[in-house]
Structures are given as C-alpha cells and as structure tokens.
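Note on naming: letters A, B, ... go to the chains in the order of the sequence lines (proteins, then strands), and numbering restarts at 1 for each one.
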Protein chains: 2
Amino acid sequence: MRIALLGGTGDIGGGLALRWAYHTNHEVLIGSRDPDRARTKAEEYETELSSRGVDCTVKGFANEMAADRAGVIVLSVPAYHASDTVEAVADKLDDGDVLVTPATGMKRDDEGFHYHRPGAGSVTKLVADAAPDGVSVVGAFHNLAAGRLADLDADLGIDTLLVGEDPDALDIVSRLAEEIEGLRALMAGGIANAPEIEALTPLLVNVGRHNEGLHDLGVRFR
Amino acid sequence: MRIALLGGTGDIGGGLALRWAYHTNHEVLIGSRDPDRARTKAEEYETELSSRGVDCTVKGFANEMAADRAGVIVLSVPAYHASDTVEAVADKLDDGDVLVTPATGMKRDDEGFHYHRPGAGSVTKLVADAAPDGVSVVGAFHNLAAGRLADLDADLGIDTLLVGEDPDALDIVSRLAEEIEGLRALMAGGIANAPEIEALTPLLVNVGRHNEGLHDLGVRFR
C-alpha cells in the first residue's frame, strides 16, 4: 500500500513515516508544501532506517503529488492547516482514497494545555467537512507522542482510537495502525465522537508535566 | 481517617466505599439524602465485606451528618446534584476538610456519549465555586468504572488523575487513592485542567461500546 504523509516533515508525520517504513513493507511518501524539504527529510528517514539495517525507499514530494500517488493520505499537519491542506490536495484525491486525520487543537494557559475545540465540533469533523465526496475520513493517531513514535528504540504498548463513518476505511486504518509494533487500534464510533479523543491529547501533556518520570505519554485502555 | 461518601448509595460511591473498607482501615461513612437508604446500603456493604472475611463497620447517615463526621468528603453524586449537595452540607464542613469530586457531565446522542461541559468550565470547578472558604477541593476518581470498582474480585491496574490547588489536600487524596490496590494516582495540575479529565469518562464508555471484550474500562498512562 502507498501511504502519503502530508506534512510528513513534522513530528507526528515523521514518527508515523519511520514506524511504517520500519515495521512494514508499505511505500511511504513524505509530503510537504516545500518539496525540497520533503526530499531532505525523506533522506534523513532513509539514513535512520538504514542505520538499523532496514533498506527502504522513502520519497519526498510536494503535498499534492504525494496525495496523488497514495491510497491512504495522512494529514499530519497542525490543526489550523488541516482544511487548507485538504483543499490544496482535493483534486488529487480519488474515489476510495482514505484521508486520515491525527490533528487536535490545543491552546495553552498558565495551568497547562487545553483542548481548543473548533466550531465544527472537532478537527476530525473539520477535515470530514472539507474532504471531497467519495473520500472517506478516519480520525486516528491523535494521542501518540511524536517523540516516542519517532524513537524506534522506544516501546509503545499503547492504544490509538479510530473514528469514522466508513467501515472499510476504518478497517484499512486499523490494520495500518496495528502493523506498528506495540500499537493497538480501538474503535470509538462515528466522527461525532472525535472531540473527546482530541481532548485526550492536551491531557496527556498535562499529566506528563506533573508526574516525574512520565513523559511522551500514551494511554492503554484496560 | 474518616471518609464520607455523600451519595454513597450510588454506583461510584458504593465502589469507593467497598474498596476503602476492603483495602484499608479507614472508617467509611455512607451518606444519602435518605438516611434509611444510607443505612440499608451500609449493611449491604458490610455483608459483602464480611463474606470476604473482612470484619468492618460501615455506617449510614444523612449526607449532612456524614459530612459533619468526616475529614475527607467525597461528593459521589450525579453532576447535576453536585452544587446542591455542597450547599446542603456546607455548614457541616470544617476548615481543613477535603472535598473530593468525581462527577462528570455526560450527555448521550445517537453516536455515543459526550462530555457535557458546565458553564463553570467543569464539574470540578462548579464544586470548587460552591465550596466554603477553608475547604479544599480535589477532583479525582472521574474515570473509574463503577461496576469494576465495586467488584472486589476485579483487578484494576489503572490510573486516576487528580486536580486541585492545595498540595496538602492533593497529597491526602493521592494516598487514599493509592491505598486501593491496583489504582495509581497521577497529578494533572490545577482545577483549570479538569475539563479534559472529565471528558475522558464518556470516551471510556464509547470505547467500551465499540470493542468486543472491552467493558468497564479505565486507562493507564504509559
């Protein structure tokens, strides 16, 4: 399968790229608004993987071209770029493509990090509203610490929650998630259930800040 | 220590009462608006504990009297009764008493359960606003499945998150939480960080409904 990580030069996109390239045989495409930056990052990922004896090709492209070539497109951009990015690549998306959104809105005050809920209800819903007809949207990978994901020596042992309306798309993303060692995919219902998932991300940051020895946290449901 | 569980005839209060009576030597008082109901439930808890070889006294009282007698008062009532209950017992609370609030607001729609955030910002904040001066409020035990808590055969292996402004009160509640076998207390900052904790409760319900074999869920941060 071909997976495009739009904004794949950033932290969460980079982490997912490395994990999929490391644990699977899927073809990983790095997208960026700046194709040179995408290519540079793709080479960095290749070097990291090669140092671990994994010989694979990670290619960098402009977001539009990465989206055009892939069947699963992960929108690993900040929440405030999410709809713009969908619009920028919309005419490169085909019927049956799966658009995955891991972004969450956060704001910070003196006390800590908080969920900044967009007017649409959630960032996932924002993306679903912006996606062309025929493209299925799945919310996933919201609650993963990017640094831990990108550290291929780090054990995960955590869960990711999926929301979406299309059972086939959910199935594809669930399998992609579980191909990452130590990651379990759990279903959380339809896109209306996304806000509580997105709100978990600032909570993870707060808990990491207030408990010694805990950082780059994820959760396991049990 | 004397712990009063106001609304201790309900599910989360009953679960905490049983666990503290089972795992610790603290004196557990069950409060209810109806003292007869409190006494009946207290006897039920005693019978359950006695069947497990634990000989302890659980007493039932009107909420006011339970609050009067205890140093730690857990407000285990539904969110919409939280402020009323604080007001009802306010003149029985002493300086230095610790008021613990585990309630969260939830609403249900076709998709699932959602966080129903009160105007005050969180149920924890609502309780803090209603509490008399000199009484410290700690938010805790929001994300525990009542049925699993009340089943003394069930392993926990989960976390509870604490928010509050008074380090001494947080310390007391943290120790009480960790005296329950399998429960780890983690700090999550000040009361302004409560909404994301309260929002985790409907998420746990949604995840339980959408994944076979998972129910009465809690979380472990890792």
Side-chain angles (χ1 to χ4, degrees), chain A residues 104 106 108-117 121-122 142-143 145 148 155-163 165 170 174 182 184-222, chain B residues 104 106 108-117 121-122 142-143 145 148 155-163 165 170 174 182 184-222:
Chain A
T104 179
M106 291 208 280
R108 186 182 186 164
D109 65 18
D110 291 346
E111 283 291 345
F113 287 80
H114 298 285
Y115 179 42
H116 186 57
R117 188 176 179 173
S122 68
H142 295 96
N143 309 314
R148 185 160 157 202
D155 285 336
L156 295 180
I158 53 174
D159 296 330
T160 185
L161 300 174
L162 272 58
V163 285
E165 309 301 334
L170 283 164
S174 170
R184 179 176 65 165
L186 295 177
M187 297 297 165
I191 287 175
N193 293 349
E196 286 79 11
I197 298 175
E198 296 180 8
L200 181 52
T201 304
L203 181 59
L204 290 171
V205 180
N206 292 338
V207 174
R209 293 174 74 217
H210 288 280
N211 298 277
E212 217 167 315
L214 296 184
H215 50 84
D216 277 353
L217 284 173
V219 280
R220 174 128 282 182
F221 291 77
R222 45 186 290 170
Chain B
T104 180
M106 291 207 279
R108 186 182 187 165
D109 64 17
D110 290 346
E111 283 292 343
F113 287 81
H114 299 286
Y115 180 40
H116 187 56
R117 188 177 178 172
S122 67
H142 295 96
N143 309 313
R148 187 162 155 199
D155 285 335
L156 296 180
I158 54 174
D159 297 329
T160 186
L161 300 174
L162 272 58
V163 286
E165 309 301 335
L170 283 164
S174 171
R184 179 175 66 165
L186 295 176
M187 297 298 166
I191 287 174
N193 293 349
E196 286 79 12
I197 298 175
E198 297 180 6
L200 182 50
T201 305
L203 181 59
L204 290 171
V205 180
N206 292 338
V207 174
R209 292 174 75 215
H210 287 280
N211 298 277
E212 215 165 319
L214 296 184
H215 50 85
D216 276 353
L217 283 173
V219 281
R220 175 129 280 184
F221 291 77
R222 46 186 290 171

- [ ] Would you indicate whether D109(A), at its atom CG, is surrounded by more than 12 heavy atoms from other residues, nucleotides or ligands within a distance under 6.0 Å?
- [x]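 Counting other residues, nucleotides and ligands, CG of D109(A) exceeds 12 neighbours.
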Please table the atom pairs, donor to acceptor, closer than 3.5 Å between any side-chain atom in residues 213-220 of chain A and protein atoms at least two apart or in another chain.
unit_1  : atom_1 : unit_2  : atom_2 : d
R220(A) : NE     : D159(A) : OD1    : 3.2
R220(A) : NH2    : I158(A) : O      : 3.2
R220(A) : NH2    : D159(A) : OD1    : 3.2

- [ ] Report the option among G112(A), G157(A), G208(A), G190(A) that has the most heavy-atom pairs separated by less than 4.5 Å from atoms of chain B.
- [x]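 Answer, by heavy-atom pair count under 4.5 Å with chain B: G157(A).
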TODO: Heavy atoms only, distances under 4.5 angstrom: which of P202(A), A199(A), G189(A), P195(A) has the most pairs with chain B? Name it, please.
DONE: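 Counting heavy-atom pairs under 4.5 Å, the top option is G189(A).
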TODO: Return the minimal non-hydrogen interatomic distance between H114(B) and E196(A), and the atom names on each side.
DONE: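 Smallest interatomic distance, heavy atoms only, reads CA-OE2, 3.2 Å.
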- [ ] Grab the two heavy atoms, one from N206(A) and one from A188(B), that are nearest each other, plus how far apart they are.
- [x]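 So the two residues come closest at CB-O, 4.1 Å.
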Distance check, rounded to the nearest 0.5 Å: [X] atom [atom1] versus [Y] atom [atom2]?
X       : Y       : atom1 : atom2 : answer
F221(B) : L200(A) : CZ    : CG    : 6.0 Å
R148(B) : R222(A) : CZ    : CZ    : 7.0 Å
H210(B) : L170(A) : NE2   : CG    : 10.5 Å

- [ ] Sequence neighbours left out, what passes side chain to side chain contact (heavy atoms under 4.5 Å, CB included) with S174(B)? Give chain and number order.
- [x]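 Side chain to side chain contact (heavy atoms under 4.5 Å, CB included) list for S174(B), sorted by chain: L162(B), A185(B), M187(B).
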Open item on the list: Only pairs of heavy atoms separated by less than 4.5 Å count here; which of D155(B), D110(B), L161(B), L156(B) has the most with chain A?
Closed with: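 Looking at each option in turn, the highest pair count goes to L161(B).
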Open item on the list: Please identify, among T201(B), L204(B), N193(B), the residue contributing the most non-hydrogen atom pairs under 4.5 Å to chain A.
Closed with: N193(B)
Open item on the list: Heavy-atom cut-off 4.5 Å, strictly under: side chain, backbone, both or neither for R117(A) against chain B?
Closed with: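 For R117(A), no heavy atom lies under 4.5 Å from chain B.
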Task: Proximity breakdown for E198(A) and chain B, heavy-atom pairs closer than 4.5 Å - done: neither
